[in-house]
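Working notes, structure below.
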Amino acid sequence: MGACLALGSLASCASCLCGSAPCLLCGCCPSSNNSTITRLIFSFFLLLGTMVSVIMILPGMETHLKEIPGFCQGGSTLLLFENQVNCDVIVGYKSVYRMCFAMACFFFLFSLIMIRVRSSRDPRASVQNGFWFFKFLILVGITVGAFYIPNGTFHDVWFYFGAVGSFIFILIQLILLIDFAHSWNKVWIEKAESSDNKCWFAGLLSFTILHYALAITAVVLFYVYYTQPDDCTEHKVFISLNLILSIIISVVSILPKVQEAQPHSGLLQASLISLYTMYVTWSAMTNNPNRKCNPSLLSLVSNVSTTEPAPNSSPEHVQWWDAQGIVGLVIFLFCTLYASIRSSSNTQVNKLMQTEEGGGSGGEGVVGEDGRRRAVDNEEEAVTYNYSFFHFHLCLASLYIMMTLTNWYQPDTTTQAMQSSMPAVWVKMSSSWLGLGLYLWTLIGPLIFPDRDFS
């Protein structure tokens, strides 16, 4: 009886899989806007691909696959079946590269298709907001095809695509964090002023102090563990320079002239950006191939000294559970979900992210002819976000996930190993400097060009 009910429920949802976003999630989000649900579903596709990539890179996965009779080449055989699958390709860093290549191609394809969509009346908007089953099939098809790409120079070339895409995505993450801090600061100040409750101000002050405390603690730990008295000059420059830049943006954010031009700017945003900058600095230093300047977290916890590997030794294997990679994934998940549900009043950020100002993601559910509650189509007059840019953002996120899961290591196509590389260090540090400069410009831009509209 239970199986029959389950089949009936699946059958009732089958039409939703081929229909629109409001139908697909009508049971879960009856009062949401169409634009929000669509972004959430596409983000779910990205998160699903990320989970598959994590599973593929788990230690020992290849050994478990070879235990399946008749599956992996070189594994146990099964009568009448010939082992056809090269498990060296479907697990490990190569699988992450191919999985993320498929996701990047999928989102880049939709980015091209959705160029200059102005409203939901455009026929392409129905493709954007519906046909989810067929979209999933397309993603699966591209993924399967990606695993048939010959090795050759694919991983080396795609590494540089990933580095450039990740550079841009780190900047987008910083923009989203700025927007989040701006919205957070604005909402709590408005609540404090409307309710005359000082607890909101106390909360803002507490989080600001917490962010700065964590950033200062990080700087101290960096100097202790990631520098040497006679070595690691680059690390000393990186830490000191980003510390100075963080102090500069903090001071500038509370200058009277800046406060007059932008009343909602303050130390909360500056503290959060300073903390994120220290994370990027840490992430960059963990990619330094000089092991004296880049001790692993395991060696720090175990108090084991890290020595330089021998010149003829084989490259180190990927540790997908590396601490900075896990922190990067957490920040990525937050920014991806926030980008899907955000409805900001920050005009500067909206221009950068190609979104429109909105008052929230909620709406009054519409009851269809079948009695189901459906989400509101809030884009009949104009889209609330740039479809093409949103997909391009997810394309960059796919590249960032690829680099994060493989610790930004340079691939070696002849082995299952990775090597750290200085280009990854400079990519991350450059993105942190550019991000700090971008935030600084948002503060002083209205003062330098008072005749321009920066609101």
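Residue indices begin at 1 and follow the sequence shown.
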**Request:** Would you mind reporting whether Met103 and Met402 have side-chain heavy atoms less than 4.5 Å apart?
**Result:** no
**Message:** Does Ser398 form a side-chain contact (heavy atoms from CB on, under 4.5 Å) with Leu46? I'd like the steps, not just the answer.
**Reply:** CA-CA 7 Å; Ser398 303; Leu46 178 64; 3.4 Å; yes
**Item:** Gap between atom OG1 of Thr281 and atom CH2 of Trp433 - 0.5 Å precision
**Value:** 9.0 Å
**Request:** Could you give me the CA-CA distance, side-chain angles and deciding distance for Ser250 and Leu267, then say whether side-chain contact (heavy atoms from CB on, under 4.5 Å) is met?
**Result:** CA-CA 6 Å; Ser250 299; Leu267 289 178; 4.2 Å; yes
**Asked** Quick check, are the ring centers of Phe44 and Trp132 under 6.0 angstrom apart?
**Response** no
**Message:** What I'd like to find out is whether the side chain of Ile248 reaches to under 4.5 Å of the side chain of Val251, using heavy atoms alone.
**Reply:** no
**Item:** Check: Arg118 main-chain N/O paired with Asp122 side-chain donor or acceptor under 3.5 Å
**Value:** no
**Complete:** Tightest non-hydrogen contact, residues Cys395 and Phe107, listed as N-CB, 3.8 Å
**Chi angles and distances behind the side-chain hydrogen bond (donor to acceptor under 3.5 Å, both in side chains) call for Gln269, Tyr439** = CA-CA 10 Å; Gln269 296 94 316; Tyr439 176 66; 5.2 Å; no
**Request:** Could you label the plane-to-plane angle of the His211 and Trp184 rings as parallel, tilted or perpendicular, counting under 30° as parallel and over 60° as perpendicular?
**Result:** perpendicular
**Message:** Would the distance check show the side chain of Thr286 and the main-chain N or O of Ser283 forming a donor-acceptor pair, the cut-off being under 3.5 Å?
**Reply:** yes
**Item:** Distance, nearest 0.5 Å, that separates CG of Asn242 from OG of Ser432
**Value:** 4.0 Å
**Prompt:** Are any non-hydrogen side-chain atoms of Phe159 and Thr406 less than 4.5 angstrom apart?
**Reply:** no
**Separation of Ser271 OG from Ile216 CD1 (nearest 0.5 Å)** = 11.0 Å
**Request:** Walk me through it: do Phe106 and Phe110 pass the test ring pair (Phe, Tyr, Trp, His ring centres under 6.0 Å)?
**Result:** CA-CA 7 Å; Phe106 174 78; Phe110 275 92; 4.9 Å; yes
**Message:** Could you measure the distance from the OH atom of Tyr226 to the CD1 atom of Ile239? Nearest 0.5 Å is fine.
**Reply:** 9.5 Å
**Asked** Checking side-chain contact (heavy atoms from CB on, under 4.5 Å) for the pair Tyr223/Ser240: CA distance, chi angles, key distance, verdict?
**Response** CA-CA 9 Å; Tyr223 277 119; Ser240 302; 2.5 Å; yes
**Message:** Over 60° means perpendicular and under 30° means parallel, so tell me whether Phe169 and His393 are parallel, tilted or perpendicular.
**Reply:** parallel
**Prompt:** Any idea how Trp188 and Phe207 line up, ring-wise: parallel (<30°), tilted (30 to 60°), or perpendicular (>60°)?
**Reply:** perpendicular
**Message:** So which atom in Ser253 and which in Val258 form the shortest heavy-atom distance, rounded to 0.1 Å?
**Reply:** O-CG1, 4.1 Å
**Asked** What is the minimum heavy-atom distance between Leu171 and Gly435, and which atoms define it?
**Response** CD2-N, 3.6 Å
**Message:** Could you report the tightest heavy-atom contact between Met56 and Ser95, atom names first, then the distance?
**Reply:** CB-OG, 3.2 Å
**Request:** Check whether any side-chain heavy atom of Leu438 sits under 4.5 Å from a side-chain heavy atom of Ile175, and report yes or no.
**Result:** yes
**Fill in**
Checking Phe161, Tyr148, Phe147, Trp158 against Phe101 for ring pair (Phe, Tyr, Trp, His ring centres under 6.0 Å), the one that qualifies is Trp158
**Item:** Closest contact, heavy atoms only, Gln128 versus His391
**Value:** OE1-NE2, 2.7 Å
**Request:** Would you check if Tyr387 and Ile113 make a side-chain contact, meaning some heavy-atom pair closer than 4.5 Å?
**Result:** no
**Message:** Can you tell me how far apart CG (Leu275) and OG1 (Thr208) are? Round to the nearest 0.5 Å.
**Reply:** 11.5 Å
**Message:** I want to check something: taking the side chain as every heavy atom from C-beta on, are Asn287 and Lys428 in contact at a cut-off of under 4.5 Å?
**Reply:** yes
**Prompt:** Around Phe136, counting heavy atoms of other residues, nucleotides and ligands shown, do more than 12 lie under 6.0 Å from its CZ?
**Reply:** no
**Request:** Run the numbers on Thr277 and Ser246 for side-chain hydrogen bond (donor to acceptor under 3.5 Å, both in side chains), then give the verdict.
**Result:** CA-CA 8 Å; Thr277 299; Ser246 297; 4.8 Å; no
**Asked** With no hydrogens and no angle check, is any side-chain donor or acceptor of Ser126 less than 3.5 Å from a backbone partner on Pro123?
**Response** yes
**Message:** Just checking Tyr212: does its OH atom have more than 12 heavy atoms from other residues, nucleotides or ligands closer to it than 6.0 angstrom?
**Reply:** yes
**Asked** Once the angle between the rings of Tyr279 and Trp282 is folded into 0 to 90°, is it parallel (under 30°), tilted (30 to 60°) or perpendicular (over 60°)?
**Response** perpendicular
**Prompt:** Nearest heavy-atom pair of Pro446 and Thr442: which atoms, and what distance?
**Reply:** CD-O, 3.7 Å
**Item:** Full working for side-chain contact (heavy atoms from CB on, under 4.5 Å) between Cys293 and Thr227
**Value:** CA-CA 6 Å; Cys293 305; Thr227 62; over 6 Å; no
**Asked** Do Phe45 and Lys135 touch side chain to side chain, with heavy atoms closer than 4.5 Å?
**Response** yes
**Message:** Could you check whether any side-chain heavy atom of Phe154 comes within less than 4.5 Å of a side-chain heavy atom of Arg98, counting everything from C-beta outward?
**Reply:** yes
**Request:** For the pair Ser388 (side chain) and Met114 (backbone), establish whether a donor and an acceptor sit closer than 3.5 Å, ignoring hydrogens and angles.
**Result:** no
**Request:** Any chance you could measure Leu109, atom CG, to Leu139, atom CG, to the nearest 0.5 Å?
**Result:** 11.0 Å
